[in-house]
Amino acid sequence: MKNYHFNKRVLVTGGAGFLGSHLCEALLNRNCDVVCADNFFTGRRGNIARLLDNPSFEVLRHDITFPLFVEVDEIYNLACPASPPHYQHDPVQTTKTSVLGAINMLGLAKRVGAKIFQASTSEVYGDPDVHPQPESYWGRVNPIGTRSCYDEGKRCAETLFFDYYRQSKVKIKVARIFNTYGPNMHPNDGRVVSNFIMQALRGEPITIYGDGTQTRSFCYVTDLIAGFFKLMDSPDEVTGPINLGNPGEFTMLELAETIVRLTGSQSKLIFEPLPSDDPKRRQPDITQAAEILDWKPNMPLEEGLRHTVEYFRQYA
Ligand code: NAD
Ligand code: UDP
């Protein structure tokens, strides 16, 4: 779309959250004008405090389950709580955020001719019986469980993205993000990396859910944001869905032991019940990201955890 601005204008929904705040900063560094729209359910002004003085940065308190009227060239749709305790707090609102939010943002993209990125998730694979998970795998998702508001909401959002692409020729970019960690995560976020680090720094017991043999693959946030840009800058025919994550796979016991060692903590491990439908294994197959986007993560887990521990010290 022709406009009177020199800079590209970019909308980031969920821009005050963990990933969104890193993305807003990286976009400003790319000389974009950034509009951050967030309802501050899990996001924090503190995450974007250092951006507020930048004349190219604008914040809107807005819930994306309602339409938004702004003129932009690109949209990154990140709004949605990502931590299980947070997305299960108000599951109906979680589904609304994914589904109505996608409809509203896709409608906006269609109206203004913007390219639109969707922060989808490895949760679309559910508790997978294919390992590692390639994009061609359709998943194994419980439609009526406690995680379903998130998993099925994100799956329906993907459906909407591809229907707007086929029906209305909207330019879409769908990334399936695997577990990502780093600074700006909320100290009470409830996800495993923030829980373990805060517990280790405070000398509290480390809460292992289940027997701790379940696995996840952890990507450092700066690697992930580089992947967002590779996908967004790729030719229009590259729609995704495309996996973005770090293939290094660890059990929760290994993660806990690593964090205890890195922090020099005296914390002991305690075992608590496994939440329902908790996936047993998760590891991205990133062949497509490597071949199509020339992207791969670089940050080793221990080094990424060291940066993250330094960030969390202020809250311990
Ligand atoms: P986060 O909870 O830190 O950020 C989500 C942001 O969205 C918050 O700022 C929150 O206030 C905002 N938000 C929630 N509902 C909203 C609504 N209705 N309207 C406007 N804003 C709303 O989570 P995150 O880790 O930064 O995740 C960002 C996106 O990436 C999410 O869509 C999530 O599903 C996806 N994702 C993240 C991960 C990960 O490991 N971090 C993995 C897979 C997918
Ligand atoms: N987990 C844990 N202790 C915690 C928090 C989480 O053992 O204090 C486990 C959880 O059961 C899951 C894994 O860590 O198996 C990752 O959980 P998280 O909530 O970070 O993300 P997700 O399950 O969505 O991948």
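Read the numbers this way: they start at 1 and go in the same order the structure lists the ligands and their atoms.
Only the side chain of Arg216 comes within 4.0 Å of ligand 2, counting heavy atoms alone; its backbone N, CA, C and O stay farther away. Contact annotation for Lys154 and ligand 1: only side-chain heavy atoms (C-beta onward) come within less than 4.0 Å of the ligand. Both the backbone and the side chain of Asp63 come within 4.0 Å of ligand 1, judged by heavy-atom distances. The proximity of Met252 to ligand 2, defined as any non-hydrogen pair under 4.0 Å, is limited to the side chain. Neither the backbone nor the side chain of Lys96 has any atom closer than 4.0 Å to an atom of ligand 1 (non-hydrogen atoms only).
Contact atoms of ligand 2 toward Pro84: 19 (O), 24 (O) (distance under 4.0 Å to a heavy atom of the residue). Proximity to Phe40 (heavy-atom distance under 4.0 Å) selects the following atoms of ligand 1: 11 (O). Residue Asn195 has at least one heavy-atom neighbour below 4.0 Å for each of these atoms of ligand 2: 4 (C), 5 (C), 8 (O). Within the listing of ligand 2, atoms 7 (O) sit less than 4.0 angstrom from a heavy atom of Ile208. Listed by number with element, the atoms of ligand 1 under 4.0 Å from a non-hydrogen atom of Gly14 are 6 (C), 7 (O), 9 (O), 12 (C).
Closest to atom 37 (C) of ligand 1 among all protein heavy atoms lies Leu19 CD1, 3.7 Å. Scanning the protein for heavy atoms near atom 1 (N) of ligand 2, the closest one is Tyr209 CD1, 3.4 Å. Given atom 38 (C) of ligand 1, the protein heavy atom at minimum distance is Ile177 CG2, 3.9 Å. Atom 27 (O) of ligand 1 has Ala82 CB, 3.7 Å as its closest protein atom, hydrogens excluded (heavy atom only). Taking atom 12 (C) of ligand 1 as the reference point, the nearest protein heavy-atom neighbour is Asp38 OD1, 3.4 Å. Ranking protein heavy atoms by distance to atom 9 (C) of ligand 2, first place goes to Gln214 NE2, 3.8 Å. Protein heavy atom closest to atom 41 (N) of ligand 1, with residue, atom name and distance, is Arg191 NH1, 2.9 Å. Protein heavy atom nearest atom 10 (C) of ligand 2, with residue, atom name and distance: Asp278 OD2, 3.3 Å. The protein non-hydrogen atom at the shortest distance from atom 8 (C) of ligand 1 is Thr42 OG1, 3.2 Å. Protein heavy atom closest to atom 3 (O) of ligand 1, with residue, atom name and distance, is Phe18 N, 2.9 Å. When hydrogens are left out, the protein atom nearest atom 29 (C) of ligand 1 is Leu78 O, 3.1 Å; that is the closest non-hydrogen contact.
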For Ile242 and Val174: C-alpha separation, side-chain torsions, deciding distance, then whether side chain to side chain contact (heavy atoms under 4.5 Å, CB included) applies.
CA-CA 6 Å; Ile242 195 153; Val174 178; over 6 Å; no

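At under 3.5 Å, not a single nitrogen or oxygen of Tyr87, backbone or side chain, sits near a nitrogen or oxygen of ligand 2. Residue contacts with ligand 1: Thr97 is placed with a nitrogen or oxygen under 3.5 Å of a nitrogen or oxygen of the ligand (distance criterion only). Between Asn179 and ligand 1, not a single N/O pair is under 3.5 Å apart. At least one N/O-N/O distance between Phe41 and ligand 1 falls below 3.5 Å. Considering backbone and side-chain atoms alike, Ile64 places an N or O below 3.5 Å from some N or O of ligand 1.
Under 3.5 Å, the side chains of Asn179 and Arg282 contain a donor-acceptor pair of N or O atoms. With no hydrogens or angles considered, a side-chain donor-acceptor pair links Tyr137 and Asp129 at under 3.5 Å.
Ligand 1 lies less than 4.0 angstrom from a heavy atom belonging to Tyr150. Ligand 2 lies less than 4.0 angstrom from a heavy atom belonging to Pro275. Ligand 1 is never approached by Thr13 to a heavy-atom distance shorter than 4.0 Å. Assignment of Pro81 to the shell around ligand 1 is supported, since a heavy atom sits closer than 4.0 Å. Using a non-hydrogen distance threshold of 4.0 Å, His62 registers as a contact of ligand 1. At least one heavy atom of Arg282 lies less than 4.0 angstrom from ligand 2. Judged by the shortest distance from any of its heavy atoms, Met185 lies outside the 4.0 Å radius around the atoms of ligand 1. Ser120 counts as a contact of ligand 1, since one of its heavy atoms falls under 4.0 Å from the ligand. Within the structure, the closest approach of Gln199 to ligand 2 does not fall below 4.0 Å when heavy atoms are considered.
One option in Arg191, Arg147, Glu123 has a heavy atom closer to atom 23 (O) of ligand 2 than any other, and that option is Arg147. The option with the heavy atom closest to atom 21 (O) of ligand 2, from among Thr207, Val192, Asn179, is Asn179.
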Donor-acceptor pairs are to be reported for all side-chain atoms of residues 189-198 against protein atoms at under 3.5 Å, with residues two or more places apart or in another chain.
{"from": "Asp189", "atom 1": "OD1", "to": "Arg191", "atom 2": "NH2", "distance (Å)": "3.1"}
{"from": "Asp189", "atom 1": "OD2", "to": "Arg191", "atom 2": "N", "distance (Å)": "3.2"}
{"from": "Asp189", "atom 1": "OD2", "to": "Arg191", "atom 2": "NE", "distance (Å)": "2.6"}
{"from": "Ser194", "atom 1": "OG", "to": "Arg191", "atom 2": "O", "distance (Å)": "3.1"}
{"from": "Asn195", "atom 1": "ND2", "to": "Gly190", "atom 2": "O", "distance (Å)": "3.4"}

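A side chain to side chain contact (heavy atoms under 4.5 Å, CB included) with Pro279 holds for exactly one of Arg140, Gln214, Arg216; it is Arg216.
Between atom CD1 of residue Ile206 and atom CG of residue Leu253 there is a gap of 11.5 Å, rounded to the nearest 0.5 Å. Between Ile103 atom CD1 and Lys96 atom NZ the span is 12.5 Å, to the nearest 0.5 Å. The NZ atom of Lys173 lies 5.5 Å from the NZ atom of Lys115; values are rounded to the nearest 0.5 Å.
Between Phe250 and Phe218, the distance separating the two ring centers is not shorter than 6.0 angstrom.
Residues Thr13 and Met105 share a closest heavy-atom pair of CG2-SD, 3.8 Å. Across all non-hydrogen atoms, the minimal contact from Pro284 to Gly245 is CG-C, 3.8 Å. In terms of heavy atoms, Thr146 sits closest to Cys149 at O-SG, 4.0 Å. When all heavy atoms are compared, the tightest approach of Asp38 to Ala16 is OD2-N, 2.9 Å. In terms of heavy-atom proximity, Ser276 sits nearest to Arg147 at O-CD, 3.8 Å.
Below 30°, between 30° and 60°, or above 60°: for His86 and His186 the angle between ring planes is above 60°, a perpendicular geometry.
Put simply, the side chain of Pro297 reaches to within 4.5 Å of the side chain of Ile286, judged on heavy atoms.
Residues Glu249 and Arg281 are paired through a salt bridge, judged by an N-O separation under 4.0 Å between the basic side chain and the carboxylate. Salt bridge status for Lys8 with Asp73: absent, with no side-chain N to carboxylate O gap under 4.0 Å. Here Arg155 does not pair with Glu158 in a salt bridge; the nearest charged N to carboxylate O distance is not below 4.0 Å. Salt bridge status for Glu237 with Lys171: absent, with no side-chain N to carboxylate O gap under 4.0 Å.
For the pair Arg30 and Phe229, the cation-pi test (distance below 6.0 Å, angle within 45°) is passed.
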